[in-house]
Visitor: 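I'd like to ask you about the structure that follows.
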Amino acid sequence: DTGVSQDPRHKITKRGQNVTFRCDPISEHNRLYWYRQTLGQGPEFLTYFQNEAQLEKSRLLSDRFSAERPKGSFSTLEIQRTEQGDSAMYLCASSLDRDRDRGSPLHFGNGTRLTVT
Amino acid sequence: LAKTTQPISMDSYEGQEVNITCSHNNIATNDYITWYQQFPSQGPRFIIQGYKTKVTNEVASLFIPADRKSSTLSLPRVSLSDTAVYYCLVAPRGGSYIPTFGRGTSLIVHP
């Protein structure tokens, strides 16, 4: 179990630029989640995938955000035309959902900290 | 999903036992109770999960009364390294639910 890895760990960008983050989940995990976290708050759900299918996206999520999970393996989260309010820690998590009553807890990566100047 | 309520912050001292209680009055029959721990600049880490009575692992114990309307995470003999934010989540295990985090309980352990 190599854990969930995220790249980069830190990203500083200027307002208006596009950024892309990558998440590599635990290999046998079929679910992948993206969360965003700001100081003093708990992680806020953004979107999740079951294998390669994006099953749900937060209604609070701007159209500037898009996520993909080609082939059901790694995932990317892209933010277009970044704004200062996008500054946050972006967390990826994965889990194994075997059947309705046997899902595993979330395994999180250590996040990508985005600073928009 | 069941709404959870837990204290915003707690203070303790090294060597003490810490109990963090989470209220979840509208917990559903198929809901499990899961606790996560988060250190600064890291993602949350799963600590323990339970359905009823008591669950114990190498890190913590989870006490759940018969009515399941609350649960208590117990950390025995805390050390400075237990300073972290602790989140209580209540949801079905598996299925289409989305794990939802509140603000958690910020535990500070003092020397």
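First the proteins, then the strands, lettered A, B, ... as listed; each starts at 1. What you see below is based on every heavy atom in this structure, not just the backbone, and it leaves out hydrogens, waters and symmetry mates.
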Visitor: Quick one: are A/Pro105 and B/Tyr36 in side-chain contact, heavy atoms under 4.5 Å?
Guide: yes
Visitor: Take atom CD1 in B/Ile8; do more than 12 heavy atoms of anything else shown fall under 6.0 Å from it?
Guide: yes
Visitor: Is it the side chain or the backbone of A/Leu91 that comes within 4.5 Å of chain B heavy atoms, both, or neither?
Guide: side chain
Visitor: What part of B/Arg103 lies closer than 4.5 angstrom to a heavy atom of chain A: side chain, backbone, both or neither?
Guide: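 Both parts, heavy atoms under 4.5 Å.
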Visitor: Would you check if A/Tyr48 and B/Ile98 make a side-chain contact, meaning some heavy-atom pair closer than 4.5 Å?
Guide: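 The answer is yes, as the side chains (C-beta and beyond) meet within the 4.5 Å cut-off.
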Visitor: Does OH belonging to B/Tyr13 count more than 12 external heavy atoms closer than 6.0 Å?
Guide: no
Visitor: Under a 4.5 Å heavy-atom cut-off, does chain B meet the side chain of A/Gln37, its backbone, both or neither?
Guide: side chain
Visitor: At what distance, to the nearest 0.5 angstrom, does CD of B/Gln38 lie from CZ of A/Phe108?
Guide: 8.0 Å
Visitor: Can you confirm whether A/Gln80 is buried at CD, in the sense that more than 12 heavy atoms of other residues, nucleotides or ligands lie under 6.0 Å from that atom?
Guide: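 Count over threshold, so yes.
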Visitor: So for atom NZ, which belongs to A/Lys11, do other residues, nucleotides or ligands contribute more than 12 heavy atoms lying within a distance under 6.0 Å?
Guide: no
Visitor: Tell me if the centroids of the rings in A/Tyr33 and B/Phe101 come within less than 6.0 Å of each other.
Guide: no
Visitor: Non-hydrogen atoms of chain B under 4.5 Å away: do they reach the side chain of A/Glu56, the backbone, both or neither?
Guide: side chain
Visitor: Can you get from B/Val55 to B/Phe63 by hopping between Ile, Leu, Val, Met, Phe, Trp and Tyr side chains that sit under 4.5 Å apart?
Guide: no
Visitor: Is there a path from A/Phe65 to A/Leu55 through hydrophobic residues (I, L, V, M, F, W, Y) whose side chains come within less than 4.5 Å of each other?
Guide: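 Result: no, two separate clusters.
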Visitor: Less than 4.5 Å apart, side chain to side chain, heavy atoms only: is that true for A/Pro43 and B/Tyr87?
Guide: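 Side-chain contact under 4.5 Å: yes.
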Visitor: Same cluster or not: A/Tyr35 versus A/Ile79, using hydrophobic residues (I, L, V, M, F, W, Y) connected whenever any side-chain heavy atoms lie under 4.5 Å apart?
Guide: no
Visitor: How far does CG of A/Leu106 sit from CG of B/Leu89, to the nearest 0.5 angstrom?
Guide: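 Rounded to the nearest 0.5 Å, the CG-CG separation comes to 8.0 Å.
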Visitor: Quick check: are there more than 12 heavy atoms from other residues, nucleotides or ligands sitting under 6.0 Å from CZ of A/Arg15?
Guide: no
Visitor: Can you tell me which portion of B/Phe39 sits under 4.5 Å from chain A's heavy atoms? Options are side chain, backbone, both or neither.
Guide: neither
